[in-house]
Amino acid sequence: MTEDVIKRRALRIEQNPDIPLYVFALEAGEIDRVADVARISRDEAGKLFGYQRPEKKQHVKQILEYLDGDNVLFPNGLILALPASVRFRGSRGPNSTDGLATIGTLEIFLPDSPSDPRPALIVDGQQRSLALARTRKSKLPVMVAGFVAEDIEVQRDQFLRVNTVSPLPGNLVTELLPEVHTKLPTKLSAKKLPSVLVNALNQDADSPFKGLIKQASTTTDKRPGAVVKDNSLISAIEESLKPSGALFPYKNLSNGTIDTVTIRSILVTYWSAVRDTFPEAWGVAPTRSRLMHGVGIRSMGRLMDRVMDRVLAVAEPGSPEAYESAKAELALIAPHCRWTKGRWPELNTPWDELQNTPRHISTLSNLLIRIYFQSRTSTS
């Protein structure tokens with residue numbers, strides 16, 4: 001049987017000796033044969049697969065309408081992760097390279113059956129690729145940049161880097177960050193630790209948040225029971241890692257190390273105490289409980305800095321004593337909370353009118369902190 005292979009004239013860019021990079025062209029109708037979309041999802045054990053967001057049907061439709069129109073100019077290329085099986089044959093002769101690029105022929109080997117996995121994955125241009133696969137102009141030449149990397153970590157790293165002009169959904173970025181171990185831009189690097197912690201809280205058996213956090217893969221695997229948006233919890237952890245937060249002392253600024261084990265223990269202790277203090281408000285949809293809403297998570301996160309400062313002064317992080325102490329501290333505010341019904345005292349606001357806005361987060365967190373300190377003063 002003749003081997004099914006696509007051969008294209010290509011430039012090999014001399015950029016990274018460990019990761020071959022090629023620029024070439026494919027016909028629009030060949031895209032779907034060569035490349036697939038690695039949708040983000042998780043298996044039953046919680047392992048993360050892929051990195052791509054869901055299809056944007058309206059966006060794809062708009063691109064398709066343009067492609068099927070007249071006078072098409074489509075310089076927006078695709079970026080593909082190519083398999084190690086591709087073969088590049090450099091052209092002979094003194095003019096085959098200028099020191100920056102070498103001209104030659106790239107061979108991409110296709111699967112024997114249409115049901116087999118395609119050899120390449122789309123790193124950038126998912127929506128464009130879907131439109132190209134459906135256009136009537138199946139012979140339209142499309143510019144492609146392809147780098148050889150079967151390592152999913154390298155692909156995710158490039159995916160996060162190239163998607164900066166049109167920002168990726170926040171929950172997609174934060175779920176991918178724990179899986180990327182290369183040096184990241186400063187902005188992404190600052191979000192990595194909170195993302196790692198939230199991912200652990202959603203996966204670990206001893207976490208009160210296990211299975212409750214909405215992540216990008218949740219929309220793919222239809223995970224039931226996910227009610228807390230990951231960005232709310234990530235923001236709460238980010239605030240607590242600042243100098244005024246309860247988690248800040250576990251960052252060693254002199255050598256750059258972070259005691260993630262202790263930080264995780266503090267988070268599990270505090271939020272377990274929150275869960276057990278407000279059992280009727282825990283684990284239900286934000287429409288039924290503002291504790292699970294962004295405004296509740298953020299406000300209780302700010303209260304954590306005050307509560308855990310006191311708890312950790314008398315108990316070891318993660319110990320049963322720390323949990324009991326945290327519950328005792330939260331009992332001081334419990335009678336004043338209106339997570340599922342009624343009106344908040346002093347605010348004169350119905351429980352379900354609080355929203356995840358800076359003003360409401362500030363108002364509710366200030367109220368909780370004030371009640372906490374007033375209750376402590378009256379009981380001391």
Side-chain angles (χ1 to χ4, degrees), residues 3 5-26 30-31 33-40 47-53 76-111 116-126 128-129 142-165 168 172-193 195-196 199 256:
E3 198 168 27
V5 59
I6 291 178
K7 298 181 181 181
R8 288 288 180 270
R9 297 293 280 172
L11 287 175
R12 184 180 67 199
I13 310 298
E14 310 297 339
Q15 193 176 81
N16 185 324
D18 298 322
I19 304 178
L21 174 64
Y22 304 104
V23 178
F24 56 100
L26 290 173
E30 292 174 330
I31 302 291
R33 298 175 61 203
V34 169
D36 206 348
V37 176
R39 299 275 186 219
I40 188 166
K47 182 179 179 181
L48 188 68
F49 288 94
Y51 42 84
Q52 287 280 8
R53 53 188 143 183
N76 306 72
L78 306 177
I79 299 179
L80 305 184
L82 300 171
S85 62
V86 298
R87 183 184 305 156
F88 180 78
R89 301 181 187 275
S91 299
R92 297 180 179 179
N95 297 321
S96 62
T97 181
D98 61 1
L100 300 178
T102 300
I103 193 169
T105 301
L106 184 69
E107 299 179 353
I108 304 173
F109 299 92
L110 301 177
D116 291 338
R118 280 158 268 186
L121 290 172
I122 295 169
V123 174
D124 185 52
Q126 176 198 173
R128 298 192 294 277
S129 72
V142 180
M143 184 174 65
V144 177
F147 60 90
V148 177
E150 294 184 333
D151 186 345
I152 193 71
E153 183 177 311
V154 174
Q155 296 175 23
R156 286 172 175 152
D157 174 71
Q158 290 300 310
F159 176 70
L160 289 172
R161 291 176 187 276
V162 299
N163 285 280
T164 55
V165 176
L168 294 168
L172 178 58
V173 172
T174 53
E175 191 168 6
L176 289 174
L177 281 175
E179 308 293 331
V180 177
H181 303 291
T182 53
K183 184 175 175 58
L184 292 164
T186 303
K187 187 175 180 180
L188 289 179
S189 181
K191 284 188 171 294
K192 184 171 181 178
L193 175 59
S195 299
V196 168
N199 192 54

Working to the nearest 0.5 angstrom, can you tell me the gap between [X] [atom1] and [Y] [atom2]?
X: R89; Y: T105; atom1: CZ; atom2: OG1; value: 8.5 Å
X: L78; Y: M143; atom1: CG; atom2: CE; value: 8.5 Å
X: I79; Y: S129; atom1: CD1; atom2: OG; value: 12.5 Å
X: D36; Y: D116; atom1: CG; atom2: CG; value: 12.0 Å
X: F88; Y: L82; atom1: CZ; atom2: CG; value: 12.5 Å
X: D18; Y: F147; atom1: CG; atom2: CZ; value: 14.0 Å

Which pair of non-hydrogen atoms, one from [X] and one from [Y], has the smallest distance, and what is that distance?
X: I13; Y: A101; result: CD1-CB, 3.9 Å
X: R118; Y: V34; result: CB-O, 3.5 Å
X: S96; Y: S91; result: CB-O, 3.2 Å

R8 side chain to L106 main-chain N or O, any donor-acceptor pair under 3.5 Å?
no

For the pair R128 (side chain) and G77 (backbone), establish whether a donor and an acceptor sit closer than 3.5 Å, ignoring hydrogens and angles.
yes

Is any side-chain heavy atom of [X] less than 4.5 Å from a side-chain heavy atom of [Y]?
X: P119; Y: L110; result: yes
X: L100; Y: E14; result: no
X: I122; Y: L80; result: yes
X: Y22; Y: I108; result: no

